[in-house]
Peer 1: 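Here it is, the structure, as structure tokens.
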Amino acid sequence: MMHAFANFAGFQIAWWACALGAAHGASWIGVVACVAFVALQWCASARRRADAWLVGCAVLTGLVFDGLLSQLGWIDYRGSIAALPAPAWILALWAAFAMTINHSLAWLRPAMAIVLGAVGGPLAYVGAQRLGAIELVASVQATIALAIGWAIATCALTLVARHARGGAVSRPLAMGGSR
């Protein structure tokens with residue numbers, strides 16, 4: 001239980017570091033926070049292989065999804081680098097989110113993952129906009145796309161996690177679980 005709480009709290013810290021860093025022209029702070037969170041969670045994880053798959057899938061999803069929203073001009077991300085379709089800080093945040101799927105969000109089932117993604121995804125972006133990290137240029141289209149995209153992504157990541165665990169439904173692990 002303590003591990004799940006630490007995982008949740010660590011992700012929140014990483015999210016704030018990304019949003020505030022990007023808003024103030026220091027997006028590298030968010031990247032460092034996310035890398036540190038992912039590394040610490042991976043070291044403490046009893047599901048390293050599943051976590052590695054999730055991180056890879058999530059970063060690829062973020063690259064395509066957030067890259068598409070950026071290319072469509074629906075979202076303007078602060079701290080973007082022209083060489084990447086999506087900014088490094090948002091990709092790092094996708095990796096950090098992936099590290100919650102087998103831990104603080106291990107209780108998620110596909111139907112709940114859809115609801116969480118459809119509601120939580122757009123709310124996170126609205127929060128980032130209020131902090132100045134992004135701008136929802138085409139707010140209606142962007143919000144609809146975020147709800148649909150995050151519903152699909154969260155459900156898909158939950159299914160990837162289940163598959164990586166050999167089909168087992170999971171509960172959050174306590175710190176120091178078997179490796």
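Owing to the predicted nature of the structure, the values given are computational and were not obtained by experimental measurement.
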Peer 1: Do Leu123 and Ile148 sit in the same hydrophobic cluster, where Ile, Leu, Val, Met, Phe, Trp and Tyr count as joined when their side-chain heavy atoms come under 4.5 Å apart?
Peer 2: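 No, Leu123 does not connect to Ile148 through the hydrophobic network.
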Peer 1: Going only through I, L, V, M, F, W and Y residues with side-chain contacts under 4.5 Å, is there a path from Leu116 to Ile114?
Peer 2: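 Cluster IDs for Leu116 and Ile114 differ.
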Peer 1: In Å and rounded to the nearest 0.5 Å, what is the CD1 to CD1 distance from Ile134 to Ile90?
Peer 2: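 Atom-to-atom, Ile134:CD1 and Ile90:CD1 are 7.0 Å apart.
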Peer 1: Check whether Val38 and Val35 end up in the same hydrophobic cluster, where Ile, Leu, Val, Met, Phe, Trp and Tyr are linked by side-chain heavy atoms less than 4.5 Å apart.
Peer 2: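 Same hydrophobic cluster.
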Peer 1: Do you know which two heavy atoms are closest between Ala124 and Trp15, and how far apart they sit?
Peer 2: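 What the structure gives for the nearest pair is O-CZ2, 3.2 Å.
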Peer 1: Under a 4.5 Å cut-off applied to non-hydrogen side-chain atoms, are Trp16 and Leu131 in contact?
Peer 2: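 Yes. Closest side-chain heavy atoms under 4.5 Å.
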Peer 1: From His163 NE2 over to Trp53 CH2, what is the distance, rounded to the nearest 0.5 angstrom?
Peer 2: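 Between His163 NE2 and Trp53 CH2, I get 7.5 Å after rounding to 0.5 Å.
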Peer 1: Any non-hydrogen side-chain atom of Ile75 less than 4.5 Å from a side-chain atom of Leu146?
Peer 2: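 Touching, per the 4.5 Å side-chain cut-off.
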Peer 1: What are the two closest non-hydrogen atoms of Pro110 and Leu159, and how far apart are they?
Peer 2: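 Between these two residues, the closest heavy atoms are CG-CD2, 3.6 Å.
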Peer 1: May I ask you to test the Leu105-Thr154 pair for a side-chain heavy-atom distance under 4.5 Å?
Peer 2: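 In short, these two side chains do not touch, never coming nearer than 4.5 Å.
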Peer 1: Hey, could you give me the CH2/OG1 distance between Trp107 and Thr158, rounded to the nearest 0.5 Å?
Peer 2: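 One finds 9.0 Å between CH2 of Trp107 and OG1 of Thr158.
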Peer 1: Identify the heavy atoms of Pro85 and Ser70 that sit nearest to each other, and give their distance.
Peer 2: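 Taking Pro85 first and Ser70 second, the nearest heavy atoms are O-CB, 3.8 Å.
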Peer 1: Specify the closest pair of heavy atoms between Ser45 and His103, including all atoms of both residues, with the distance to one decimal.
Peer 2: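 Looking at all heavy atoms of both residues, the shortest contact is OG-CE1, 3.3 Å.
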Peer 1: Could you tabulate the donor-acceptor pairs under 3.5 Å formed by side-chain atoms of residues 19-32, not counting sequence neighbours?
Peer 2:
unit_1 : atom_1 : unit_2 : atom_2 : d
His24  : ND1    : Leu20  : O      : 2.9

Peer 1: Mind checking whether Phe97 and Met112 sit in one hydrophobic cluster, side chains of I, L, V, M, F, W, Y counted as touching below 4.5 Å?
Peer 2: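 In one cluster with Phe97: Met112, yes.
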Peer 1: Looking at CZ of Arg162 and CZ of Arg109, how far apart are the two atoms once the value is rounded to the nearest 0.5 Å?
Peer 2: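 Rounded to the nearest 0.5 Å, the CZ-CZ separation comes to 6.0 Å.
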Peer 1: Indicate yes or no for a side-chain donor-acceptor contact from Gln129 to the backbone of Leu136 under 3.5 Å, with no hydrogens or angles considered.
Peer 2: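 Flag set: sc Gln129 to bb Leu136 pair under 3.5 Å.
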Peer 1: Calculate, to the nearest 0.5 Å, the distance between atoms CZ and CG belonging to Arg47 and Asn102 respectively.
Peer 2: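 So the gap between those two atoms works out to 5.0 Å.
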Peer 1: Determine the minimum heavy-atom distance between Trp89 and Ala133, stating which atoms define it.
Peer 2: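 Of all heavy-atom pairs spanning Trp89 and Ala133, the closest is CZ2-O, 3.8 Å.
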Peer 1: Assess the residue pair Asp51 and Arg49 against the criterion (salt bridge (Lys or Arg N to Asp or Glu O under 4.0 Å)); give the C-alpha distance rounded to whole Å, side-chain angles, the decisive distance to 0.1 Å, and a yes or no.
Peer 2: CA-CA 5 Å; Asp51 287 337; Arg49 183 175 178 187; over 6 Å; no
Peer 1: Pair up each side-chain donor or acceptor in residues 59-66 with any protein partner under 3.5 Å, not counting sequence neighbours, and list the distances.
Peer 2:
unit_1 : atom_1 : unit_2 : atom_2 : d
Thr61  : OG1    : Cys57  : O      : 2.8
Asp66  : OD1    : Tyr77  : OH     : 2.4
Asp66  : OD1    : Tyr125 : OH     : 2.8
Asp66  : OD2    : Trp94  : NE1    : 2.6
Asp66  : OD2    : Tyr125 : OH     : 3.1

Peer 1: Please round to the nearest 0.5 Å and tell me the distance separating atom CH2 of Trp42 and atom CE of Met99.
Peer 2: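 Here the rounded value is 9.0 Å.
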Peer 1: So which atom in Thr143 and which in Pro122 form the shortest heavy-atom distance, rounded to 0.1 Å?
Peer 2: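 That would be O-CG, 4.1 Å.
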Peer 1: Do Leu54 and Phe8 sit in the same hydrophobic cluster, where Ile, Leu, Val, Met, Phe, Trp and Tyr count as joined when their side-chain heavy atoms come under 4.5 Å apart?
Peer 2: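 No.
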Peer 1: Filter on side-chain hydrogen bond (donor to acceptor under 3.5 Å, both in side chains), then keep only pairs touching residues 131-141, sequence neighbours left out; what's left?
Peer 2: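 Every candidate side-chain hydrogen bond (donor to acceptor under 3.5 Å, both in side chains) pair involving residues 131-141 fails, so no pair, neighbours aside, qualifies.
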Peer 1: Are side-chain heavy atoms of Val119 and Trp150 found at a separation under 4.5 Å?
Peer 2: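 When only atoms from C-beta onward are counted, Trp150 and Val119 do not touch, as no gap falls below 4.5 Å.
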